Protein chains: 4
Amino acid sequence: MSNNEKRHNDPDRAQLRRQQVLDAAATCFKRSGFHGASMSEISKAAGMSAGHIYNYFDSKDAIIAAFVEQNVERVSAILRDLAQRADPLKEMVDDAEGSVSEHVESDRIALQLEIWAEASRNPAIAAVVRDADLRSRSDFRNLLKAARARHQLDASDDVVDGLMEAVIALFHGLHVRAIHNPGAPLPAVVASVRNALRAMLFS
Amino acid sequence: MSNNEKRHNDPDRAQLRRQQVLDAAATCFKRSGFHGASMSEISKAAGMSAGHIYNYFDSKDAIIAAFVEQNVERVSAILRDLAQRADPLKEMVDDAEGSVSEHVESDRIALQLEIWAEASRNPAIAAVVRDADLRSRSDFRNLLKAARARHQLDASDDVVDGLMEAVIALFHGLHVRAIHNPGAPLPAVVASVRNALRAMLFS
Amino acid sequence: MSNNEKRHNDPDRAQLRRQQVLDAAATCFKRSGFHGASMSEISKAAGMSAGHIYNYFDSKDAIIAAFVEQNVERVSAILRDLAQRADPLKEMVDDAEGSVSEHVESDRIALQLEIWAEASRNPAIAAVVRDADLRSRSDFRNLLKAARARHQLDASDDVVDGLMEAVIALFHGLHVRAIHNPGAPLPAVVASVRNALRAMLFS
Amino acid sequence: MSNNEKRHNDPDRAQLRRQQVLDAAATCFKRSGFHGASMSEISKAAGMSAGHIYNYFDSKDAIIAAFVEQNVERVSAILRDLAQRADPLKEMVDDAEGSVSEHVESDRIALQLEIWAEASRNPAIAAVVRDADLRSRSDFRNLLKAARARHQLDASDDVVDGLMEAVIALFHGLHVRAIHNPGAPLPAVVASVRNALRAMLFS
DNA sequence: CATGAATGAGGATTCATTCAT
DNA sequence: GATGAATGAATCCTCATTCAT
């Protein structure tokens with residue numbers, strides 16, 4: 001899990017190769033989980049030899065970590081984007097339907113749960129996950145404060161932080177629900193989520 | 001993953017031994033995850049030889065399944081209990097603080113995430129988890145319908161089912177949040193959660 | 001593989017128990033081979049606990065040895081009986097059909113091959129098998145000498161011993177053929193075997 | 001037992017390695033039997049790690065099957081060669097001595113019995129053995145038909161097939177006799193075998 | 001840069017055997 | 001006599017990792 005990316009003559013090519021591995025890892029991790037996916041499986045998917053992967057990553061754990069980092073960044077980006085709309089509060093309430101289906105139908109659910117489980121056990125992964133979460137929340141917090149100020153709502157740190165936790169929990173929880181009850185009536189779920197969002201965001 | 005509990009002369013002792021194994025498994029699974037925990041590790045924690053465990057469980061997978069079943073039952077029971085109070089709607093809103101801390105501070109979070117991750121990949125575990133969820137929701141649904149009827153609220157199947165999903169998502173999401181941001185300001189989270197609950201339950 | 005049958009208070013009962021085990025072993029060995037049959041499997045078939053078997057046999061190897069001894073005795077007996085008919089030479093030629101079907105259709109073929117394979121590898125079993133063979137050949141030899149003398153044929157030791165080997169080889173070989181070519185045309189096989197027997201016995 | 005030979009960059013080297021394993025297996029199987037020989041034992045004899053063997057064979061069973069295939073091919077080849085002489089009928093009678101010593105003294109007897117025992121219980125091995133036997137008999141049959149036709153003897157399918165069975169049984173039976181009575185008087189055995197062969201082949 | 005052959009430790013599981021009851 | 005709970009060594013097999021080429 002060391003930070004040292006090895007020296008390569010052609011850094012661009014090296015970066016490409018790293019990405020190849022991470023993309024392959026995505027496929028394999030999705031199919032078999034972090035521990036179920038073997039280096040050989042990943043190397044085949046990446047179109048390079050197992051041995052060569054070790055020129056780009058110190059260990060399998062390093063791949064997992066890099067993969068999680070990347071994934072978690074993507075999620076963060078979405079969260080930031082989503083939060084940079086005009087009137088984000090209204091936007092979030094209005095777009096409840098989109099958010100709910102996104103969280104319930106995504107093909108990344110298995111991966112997301114895998115990441116969370118790993119984070120709850122592997123300190124290195126936990127650090128990556130928490131760090132990304134920290135950054136996302138920072139962006140999200142700024143946005144909420146501005147938006148709530150415009151609506152004359154309490155925008156103190158604690159209030160906003162509590163609000164963020166609850167909102168994110170609601171969406172992450174939908175990921176979890178997807179594996180418990182894939183047949184839930186979506187429109188009704190959306191209605192309830194919208195009620196919750198409105199209540200939270202505008203109080 | 002057969003249900004096949006082997007015949008034992010002394011069923012009480014056997015039950016005790018099974019429980020010993022499950023308790024040991026809890027410890028090890030918490031520490032190392034389902035796949036990281038070795039049978040030898042579990043056997044040491046259970047105070048019996050690895051070979052002997054196979055007199056009580058068909059395989060490691062069977063241990064995981066039994067363990068999940070037990071755990072999931074416990075969660076179900078809590079959900080049912082919680083749902084059998086006098087005016088459950090009001091009760092849930094009032095007790096938001098208790099529920100939130102319960103979900104954020106529990107030492108079972110790692111296990112819960114482990115179970116969810118496993119369920120998203122292992123069909124046998126998924127079946128156990130979904131079955132328990134089905135039963136919990138059935139109890140929960142009955143309760144919500146009665147309670148909402150008393151409050152003159154829409155108690156149709158779809159509405160209630162959507163409501164349930166959102167409420168459960170909120171709480172399960174709090175489990176997930178616990179590993180991302182252990183330092184969240186609890187009172188503010190509670191306030192937002194209470195807002196959300198009130199909005200959902202009473203609409 | 002020690003010779004010491006343990007002391008038992010009631011030797012008759014003990015003998016009965018031993019036989020129970022050997023009968024069970026027959027079933028299991030037939031089904032799974034010597035090494036594929038587990039003590040637990042045998043104990044279940046014998047209707048007694050695995051542990052208790054060790055009051056009658058020192059080890060699994062001792063069961064195999066005793067089993068082989070018994071089986072080999074049975075074969076010997078048949079050989080002796082078969083050899084005590086009036087004009088055994090003529091008898092053998094005439095009864096070629098019976099002998100061939102006996103060797104080709106028996107349900108003991110698997111066991112016989114198992115025994116031979118074990119004997120070729122396990123010196124203790126080899127000793128048992130050779131000893132029984134020695135005794136059978138002794139009876140068989142006496143008979144052949146008398147019969148051939150009556151027919152004015154050379155009855156010297158060497159000639160008779162060579163003859164015996166070839167005759168027995170022919171029949172044992174039929175056991176082997178049974179697993180290679182179960183569909184061989186029996187009548188034609190019988191005809192050839194009869195030709196061979198006549199030629200050998202009466203030369 | 002899949003036919004699945006893995007892809008290797010250097011097929012020659014791979015073939016060499018496979019053969020190394022099969023040779024080592026021969027040694028170990030001879031010494032300890034198929035089930036008594038451990039993968040670790042084989043790997044030591046093959047001069048490579050146990051794990052590496054799995055780059056060339058899917059499983060221990062696959063090694064056994066490949067080994068049997070090879071062995072059984074060798075035996076088939078001998079049978080075919082032996083049958084392609086000028087006047088094969090006369091040749092077989094004349095060469096009785098060679099055939100007998102070959103079958104009685106070979107150091108492959110233990111292996112042969114092991115193979116037969118395995119075939120009588122393991123369907124995959126039985127298939128390999130039967131298939132090879134089928135091919136050998138086909139060659140042998142053609143030869144016998146031609147040779148007997150030249151001698152004006154009945155060369156109908158059934159007669160020849162029955163004859164083949166009996167002849168092969170006689171030789172295979174000699175393998176079996178070798179472990180029962182290593183001290184049999186060879187010349188006398190040869191004499192009897194010759195009598196039998198002449199009687200069978202020329203009737 | 002790239003390969004894949006090779007290692008060896010560690011995994012789950014089975015099973016002959018022992019022994020307290 | 002009889003049980004079956006318990007052991008622990010051995011088995012087959014997998015896989016992250018290394019290294020000669």
Side-chain angles (χ1 to χ4, degrees), chain A residues 6 8-10 13-14 17 35-44 47-63, chain B residues 6-10 13-14 16-17 35-43 46-63, chain C residues 6 8-10 13-14 17 35-44 47-63, chain D residues 6-10 13-14 16-17 35-43 46-63:
Chain A
K6 286 150 187 169
H8 293 278
N9 279 348
D10 181 343
R13 180 177 178 77
R17 290 306 232 168
H35 298 293
S38 72
M39 287 299 288
S40 148
E41 193 184 341
I42 295 173
S43 78
K44 242 161 247 148
M48 80 184 70
S49 75
H52 196 38
I53 292 185
Y54 285 83
N55 287 327
Y56 301 107
F57 295 93
D58 278 349
S59 65
K60 189 183 173 185
D61 262 21
I63 298 179
Chain B
K6 282 145 190 167
R7 295 280 157 236
H8 291 277
N9 255 13
D10 182 343
R13 182 179 180 78
L16 193 77
R17 289 308 231 168
H35 298 292
S38 75
M39 286 299 290
S40 144
E41 192 184 341
I42 296 173
S43 78
M48 78 184 74
S49 74
H52 195 38
I53 291 184
Y54 286 83
N55 287 328
Y56 300 106
F57 295 93
D58 279 349
S59 64
K60 189 182 173 186
D61 261 22
I63 298 179
Chain C
K6 286 151 185 168
H8 293 278
N9 277 350
D10 182 343
R13 180 177 179 78
R17 289 307 231 168
H35 298 292
S38 74
M39 287 298 287
S40 149
E41 193 184 341
I42 295 173
S43 79
K44 244 162 245 148
M48 80 183 70
S49 74
H52 196 37
I53 291 185
Y54 285 82
N55 287 327
Y56 300 109
F57 295 92
D58 279 350
S59 65
K60 190 182 173 185
D61 262 21
I63 298 179
Chain D
K6 282 145 191 166
R7 296 278 159 237
H8 292 276
N9 255 14
D10 182 343
R13 182 178 179 78
L16 193 78
R17 288 309 231 167
H35 298 292
S38 75
M39 286 301 290
S40 145
E41 193 184 340
I42 295 173
S43 78
M48 79 184 73
S49 75
H52 194 37
I53 291 185
Y54 287 84
N55 286 329
Y56 300 106
F57 296 93
D58 279 348
S59 64
K60 189 183 173 185
D61 261 22
I63 299 178

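Chain identifiers are assigned alphabetically (A, B, ...) following the order of the sequence lines, protein sequences preceding nucleic acid strands; residue numbering begins at 1 within each chain. None of the values given here were measured: they were computed from a predicted structure.
Take Ser38(B) and apply the side-chain contact (heavy atoms from CB on, under 4.5 Å) test, not counting sequence neighbours, and it matches Ser40(B), Glu41(B). Partners of His35(C) by ring pair (Phe, Tyr, Trp, His ring centres under 6.0 Å), not counting sequence neighbours: none found.
Between the side chain of His8(C) and the main chain of Tyr56(C), no donor-acceptor pair closer than 3.5 Å is present. A distance-only check finds no donor-acceptor pair linking the side chain of His52(B) to the backbone of Ser43(B) [under 3.5 Å]. Using a distance-only test at 3.5 Å, with no hydrogens or angles considered, a donor-acceptor pair links the side chain of Lys60(B) to the main chain of Ala37(B).
What separates CG of Asn55(B) from P of dC15(E) is a distance of 12 Å, to the nearest Å. What separates CD1 of Ile63(B) from C1' of dA12(E) is a distance of 10 Å, to the nearest Å. For the pair Glu41(A) CD and dT14(F) P, the interatomic distance rounds to 13 Å; values are reported in whole Å. Straight-line distance from the CD1 atom of Ile42(D) to the C1' atom of dT11(F): 12 Å, rounded to whole Å. Distance CG (Asp10(C)) to P (dG1(F)): 9 Å, rounded to an integer number of Å. With rounding to whole Å, His35(A) atom NE2 is found 13 Å from dA12(E) atom P.
Ala14(D) comes within 4.0 angstrom of nothing in the nucleic acid, heavy atoms only. Note on Ser49(D): a base of the nucleic acid sits closer than 4.0 angstrom, heavy atoms only.
Of the two residues near DNA chain F, Gly36(D) and Gly36(A), the one whose nearest nucleotide lies more 5' is Gly36(D). Nearer to the 5' terminus of DNA chain E, by closest-nucleotide assignment, is the contact made by Met48(A) (compared with the other of Met48(A) and Met48(D)).
Phosphate proximity of dT3(F) to Arg13(B): absent, as no side-chain N or O sits under 4.0 Å from OP1 or OP2. Contact annotation: Arg17(D) reaches the phosphate of dA6(E) (side-chain N/O to OP1 or OP2, under 4.0 Å). Checking the phosphate oxygens (OP1, OP2) of dA5(F), a side-chain nitrogen or oxygen of His8(B) falls inside 4.0 Å. A close approach under 4.0 Å does not occur between any side-chain nitrogen or oxygen of Tyr56(B) and OP1 or OP2 of dA5(F).
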Secondary structure string for DNA chain F (Watson-Crick or G-U under 3.5 angstrom, | for other-strand pairs): .||||||||||||||||||||

Check nucleotides 17-21 of chain E against the protein and report each pair of N or O atoms closer than 3.5 Å, with its distance, or say if there are none.
| residue | atom | partner | partner atom | Å |
| --- | --- | --- | --- | --- |
| dT17(E) | OP2 | Tyr54(C) | OH | 2.8 |
| dT17(E) | OP2 | Lys60(C) | N | 2.9 |
| dT17(E) | O5' | Tyr54(C) | OH | 3.4 |

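Atom CE of residue Met39(B) and atom CD1 of residue Ile53(B) lie 4.5 Å apart, to the nearest 0.5 angstrom.
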